[in-house]
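To start, the structure itself, in structure tokens.
Throughout, a chain's letter reflects where its sequence line sits, starting with A, and its residues are numbered from 1. Because only heavy atoms are used, hydrogens play no part in the values below, and waters and symmetry mates are left out as well, while side chains stay in.
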Amino acid sequence: MTGSPHTVLAGNSVRLVMLKVLVALIPGIVAHAWFFGPGIWVSLLLCTLLGVAFEALALLMRGYPLKPFLSDGSTVVTAWLLALSMPTLAPWWLYAVGMLFAILVAKHLYGGLGQNLFNPAMIGFAVLLVSFPVYMTQWPAPVELASHTPDLIESFDLVFAGQGAVSPDAYTTATPLDLLRTQRLAGDEVGGIMAQPAFGVVGGTGHEMVVLMYLLGGLLLLNYRLITWHIPVAFLGTIAVTAGVLQFLDPTNHPDPLFHLTSGGAMLAAFFILTDPVSASATPRGKLIYAGLAGFLVVMIRNYGGYPDGVAFTVLIANMAVPFIDAYTQPRVFGHGRKEKGK
Amino acid sequence: MRKLHAFNGGVHPEGHKGESTGRPIETMPLLPRYVVPLRQHIGEPARPVVKPGDRVLRGQLIGQPEGYVSVGVHAPTSGRVLAVEPRPVPHPSGLADLCVVIDSDGEDRTVETAPLDWRAMDPSALRNRLREMGLAGLGGAVFPSFIKLNPGARRHIPILILNGAECEPWITCDDLLMRERAADILAGAEIMRHMLGTEEVLVGIEDNKPEAIAAMTAAAGGRGVEVVAIASLYPGGGGKQITYTLTGRVVPAGGLSTDVGVQVFNVGTAYALLRAIRDGEPLVSRIVTVTGHVVRPGNFETRLGTPVADLLRAAGGELPDATGQIIGGPMMGFGLMDEAAPITKSVNCVIVKNAALFPAAPAPMPCIRCGACARACPAELQPFELYWYARTRDFGKTQTYHLFDCIECGCCSYVCPSHIPLVEYYRFAKSEIWSREHEKQAADQARERHEFRAFRLEREKQEKAEKLAKKASERLEGGAVAAEDPEAARKKALLQAAIAKAQKAKEAVRPKNVDNLPPDKQREIDAIEARRAQAGQAEQAAETEAKR
Amino acid sequence: MLSAILVMAGIALVLGGVLGWAAIRFRVQEDPLVEKIDAILPQTQCGQCGYPGCKPYAEAISKGDADINRCPPGGEEGVKRLAELLGVEPKPLGEGLEHKPKSVAVIDEALCIGCTLCIQACPVDAIVGAAKQMHTVVADECTGCELCIQPCPVDCIRMEVIHEDIANWKWRYPVIPLKKVA
Amino acid sequence: MQDYLLILIGTVFVNNIVMAKILGLCPFMGVSKKLETAIGMGFATTFVLTLASGASYLIDTYLLGTDLFYLRTLSFIVVIAGIVGFTEMFIRKTSPVLFRVLGIYLPLITTNCAVLGIPLLNVQERHGFVESLFFGLGGALGFTLVLVLFAAMRERLEAADVPLPFKGTSIAMITAGLMSLAFMGFSGLIR
């Protein structure tokens with residue numbers, strides 16, 4: 001090679017980037033296992049294996065070398081994000097369909113790593129949400145509220161055989177966002193709904209602790225300089241402001257901003273999903289617009305829409321707008337149109 | 001304390017300066033042979049004014065500047081011209097270029113030189129002298145200095161910057177020059193100041209060169225020159241970057257630093273300018289850093305035209321397991337293809353690689369748009385977008401993302417986690433766009449000429465018709481009717497004769513007695529013919545090569 | 001029934017009136033398409049497309065008489081750009097047409113008899129010389145159209161491919177080894 | 001006023017004419033290769049659609065009434081064709097570049113089923129005149145929105161290593177499908 005540079009920054013690779021993301025996810029995963037039972041390990045493992053299998057299949061079909069692309073870690077990140085977004089203890093084929101859409105459709109039909117327009121995990125999730133809505137509302141109940149929490153062996157049984165010793169009602173429940181939506185449709189006031197045991201100090205019982213750990217992992221990512229502040233701040237900030245304004249106007253029908261921030265997929269999206277560099281806006285101003293749009297839509301869909309949590313859809317909608325946003329938010333290039341000082 | 005301005009991005013590659021700063025500048029011994037390329041500067045190559053067999057003296061003009069953007073080329077020593085022919089030159093393409101090959105006579109006699117009285121000389125005459133003396137920027141871009149020293153009719157250039165940043169890793173030639181010849185550099189700057197009508201002279205030096213800063217500060221005392229230590233951040237020595245760092249003035253895109261009243265020269269250029277004017281000596285040598293995997297890394301005062309192989313020998317030779325050389329620095333330099341290629345005005349450094357210092361680049365992965373390149377880009381571009389479109393040859397799009405503001409510093413490739421050779425994509429896109437523009441110009445020229453021809457033919461036809469009409473009317477009057485135009489008939493006959501003659505000439509060279517040969521004889525003849533044809537082709541190729 | 005006819009006729013009348021007015025009000029004089037096509041064509045003036053020059057070919061394309069794949073000097077690239085301009089799908093070069101590397105004509109001055117036939121054939125006046133004088137090609141202006149070869153009675157003109165040198169050298173497309181293995 | 005706003009939001013997002021009603025796919029696929037063209041097409045369609053929506057309401061209410069309802073489709077098509085013809089001449093005069101890039105798709109606005117669909121939906125939903133205008137405007141803005149976003153995405157897709165069988169229109173169709181999936185998030189937003 002005659003081209004320059006002849007030297008590159010040592011210890012810098014796509015694999016390392018992905019590895020750091022996985023590390024940052026660990027606190028959230030541990031919290032999830034602690035507060036919702038060990039079922040998460042089963043779905044994480046299952047999604048990872050499925051992801052690697054689909055990835056290998058796609059690479060083979062497309063004639064790409066397996067080793068560099070299987071070991072780059074991007075598939076595992078997608079698998080973990082999907083597993084963390086989905087209810088645990090769902091039948092295995094649900095994960096399979098999700099990963100199929102995530103890896104084959106959202107990623108490889110678009111050219112594989114680095115070229116997907118949509119976040120693969122969110123495509124998988126959205127497909128499941130519109131296709132199998134019943135399964136997607138059977139969330140594991142927090143350990144402290146459940147009459148029974150399946151252990152690891154039982155979780156395997158539930159995922160692969162589809163039946164356990166006890167009825168699903170014992171260990172699944174609706175998420176706080178679900179409860180809020182259905183009961184508000186029934187005419188209840190927000191204050192009353194949120195006094196129930198499913199709601200914790202600020203968000204949902206159990207959920208709020210997992211979310212806190214996601215926040216911790218997100219700060220780790222910021223510390224690694226893998227993400228910039230723009231997307232999390234704009235996203236969470238817009239959610240807080242929008243929810244705050246709505247609550248101020250009509251407190252009986254709108255939950256408080258803190259609840260919005262700490263429930264559903266908001267925190268995971270803020271640091272791990274919206275920040276996926278491939279499908280996110282890449283310019284500083286663009287990131288603010290992109291994440292702000294997503295934040296606004298999350299609150300709108302949660303408060304007025306047909307789905308309890310709009311995060312997956314809003315991520316996709318924001319992804320959709322990225323090429324347009326990027327095209328119109330190009331930063332000024334050195335030497336272009338800046339007032340020359342001192343002249 | 002001067003207020004400094006920080007440009008966007010930049011990277012901190014390992015410096016590796018210490019390897020080659022241990023010893024003072026050494027002067028290369030006289031070599032038996034020099035190969036002096038005629039294209040050592042930006043612009044038109046010099047036209048050779050010597051032929052094989054000519055005797056030359058050191059400093060004698062052997063290449064005359066051609067066109068405006070061009071400077072002279074001079075013999076590095078006295079001796080005899082062996083050849084004027086294409087030879088390997090230090091260029092990323094590895095192609096050969098026209099060189100004057102000089103066999104040294106060992107006497108190193110010089111042409112008569114006389115100092116120039118620059119204060120008394122007319123600035124334009126002075127610039128012409130510098131043009132003839134081959135002065136070009138020694139920082140690497142080798143732009144003819146006389147053009148940069150022309151302030152223009154109305155332009156005022158209040159600030160002159162001497163660039164001693166030397167931000168590229170490994171290179172130390174400016175460092176050593178500043179340590180050892182600080183006073184000369186500043187004396188050169190004095191002349192520049194005079195020519196440009198500049199008020200302020202700033203010397204920018206990165207703070208990883210404390211000795212150079214000390215030497216320059218000491219020499220600057222009482223000259224009205226300010227030596228400024230700037231943070232070590234690659235590419236802080238880029239012209240636009242150092243201008244911004246020291247003055248806060250932003251050179252407009254596509255413009256020159258003079259647009260904001262600043263002119264930037266490399267310290268080596270200032271030194272060469274002093275030599276040219278004080279000693280009357282044309283540019284025939286420069287300081288070159290030899291470093292990396294060699295026995296005795298260091299800096300060498302090297303005559304232009306010295307083959308790289310000889311320079312490496314002067315540095316004690318390469319250590320075992322060397323894996324090639326880089327011309328220039330590791331961030332912007334290029335791999336050398338042939339050690340026979342000579343040192344030119346643009347070569348500031350030769351780095352010998354080995355697998356430990358310069359490991360092979362990891363295999364590239366797809367871009368994940370992480371934006372690390374954008375954060376590192378001193379031109380504040382979006383390198384990943386440029387890459388995305390250069391990759392698919394969408395050159396229009398690359399231009400909307402300001403491809404031509406890229407300074408090819410290599411920061412983006414350096415930080416890329418996917419290890420994509422980004423700069424190579426930009427260079428590819430740039431040269432494609434240039435070549436297309438060139439083609440477009442050629443097409444426009446052809447269109448114009450074609451249209452003019454059509455117009456001419458039309459006019460001629462009209463004139464002819466008029467003439468015929470006139471003739472016809474005359475004939476009618478005279479009553480004489482010629483069966484045929486005798487002139488045309490004569491022409492035709494002549495042409496026929498010529499064709500017959502040419503055909504005959506062709507026949508003549510055709511071999512005789514080739515009918516009814518036995519097959520083995522026929523094969524032999526065929527083989528000979530084939531060889532002859534090949535030789536002819538080779539000759540032809542060499543001829544066209546030489547013409548260019 | 002009558003009312004239906006009346007209504008439709010009324011609508012047609014009003015719309016016709018508006019369109020007629022618009023046609024006069026927003027009249028556009030000429031079609032600049034020919035110029036745009038001509039700008040893409042390489043101006044070799046070689047006539048390989050079957051038209052006596054680039055402009056006539058451009059006019060033919062604009063009228064829809066000629067296909068866009070008739071220009072070998074423009075090559076695939078040229079066809080692609082024409083396709084883009086006209087909003088049609090690009091296609092390979094037409095039957096019997098192939099893109100050759102850019103060349104210039106060179107006259108073997110030892111054989112030239114100074115007949116001026118090539119000068120008359122050259123579409124861009126790139127050959128200089130007079131009757132019975134030796135002729136020379138101005139390489140900078142030669143488009144490589146090969147039109148001078150056929151008329152030469154003594155076959156003293158040949159085409160020479162332009163070689164790569166440092167002045168016209170281009171950076172290559174970077175090779176990424178990690179692409180398709182197949 | 002709130003009603004009109006709801007109509008706008010409803011037609012732009014919730015019942016987006018392309019994403020939810022799957023109308024107007026021909027220009028959606030055809031004029032989305034370039035961002036600039038898409039923007040031009042969006043504005044031309046907005047102009048035509050708003051005008052057609054209003055004009056068809058007037059014709060339907062005051063000319064056809066209940067007696068001649070069978071002439072509805074026919075007369076709407078005639079009116080749309082007329083408006084498109086006018087727009088074509090107008091653009092040709094004011095912006096030859098846009099005229100050039102829109103090419104065949106400009107007269108094809110006539111056959112954009114969204115342009116006929118909106119006036120027919122107006123009748124079905126018993127919209128008044130202003131409502132019809134807003135319905136037309138909203139539908140057109142929704143069309144423009146997705147067309148422009150789609151075009152920007154396709155420009156980037158153009159450079160992606162899409163597997164050969166999916167290159168070009170097929171990956172564009174898949175993308176449109178995924179966009180539609182994303183738009184499902186808006187469902188139920190306006191009841």
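- In this structure, chain A has heavy atoms under 4.5 Å from both the backbone and the side chain of D:T175.
- Only the side chain of A:L117 comes within less than 4.5 Å of a heavy atom of chain D; its backbone N, CA, C and O stay farther away.
- With a 4.5 Å cut-off on non-hydrogen atoms, A:A126 touches chain D through its backbone and its side chain both.
- Among A:L109, A:L316, A:I317, A:V105, the residue with the largest count of heavy-atom pairs under 4.5 Å with chain D is A:L109.
- Counting non-hydrogen atoms of other residues, nucleotides and ligands closer than 6.0 Å to CD of D:E158 gives a total of 12 or fewer.
- Applying the side chain to side chain contact (heavy atoms under 4.5 Å, CB included) rule to A:I193 yields the partners A:L180, A:Q183, A:R184, A:D188, A:Q196, A:F199; only residues at least two apart in sequence or on another chain are considered.
- Heavy-atom distances place both the backbone and the side chain of D:I174 under 4.5 Å from chain A.
- Residue D:I171 touches chain A through both its backbone and its side chain, counting heavy-atom pairs closer than 4.5 Å.
- Residue A:V315 does not touch chain D at all, counting heavy-atom pairs closer than 4.5 Å.
- The side-chain contact (heavy atoms from CB on, under 4.5 Å) test with A:F296 singles out one residue from A:I301, A:T242, A:T314, and that residue is A:T242.
- Using modelled atom types and a 3.5 Å distance limit, the side chains of A:E189 and A:N253 yield no donor-acceptor pair.
- Interface remark: A:L129 contributes no atoms to any contact with chain D (heavy atom separation under 4.5 Å).
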Side chain to side chain contact (heavy atoms under 4.5 Å, CB included) between D:L181 and A:F118, worked out: CA-CA 11 Å; D:L181 177 69; A:F118 296 99; over 6 Å; no

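- Figure legend: D:R72 and D:F69 shown without cation-pi pairing, the cationic atom not lying both under 6.0 angstrom from the six-membered ring centre and within 45 degrees of its axis.
- The greatest number of non-hydrogen atom pairs below 4.5 Å with chain A, out of D:A152, D:A182, D:A160, D:S187, is found for D:A182.
- Rounded to the nearest 0.5 angstrom, D:D60 CG and D:L68 CG are separated by 10.0 Å.
- Interface residue A:D326: only side-chain heavy atoms are found under 4.5 Å from chain D.
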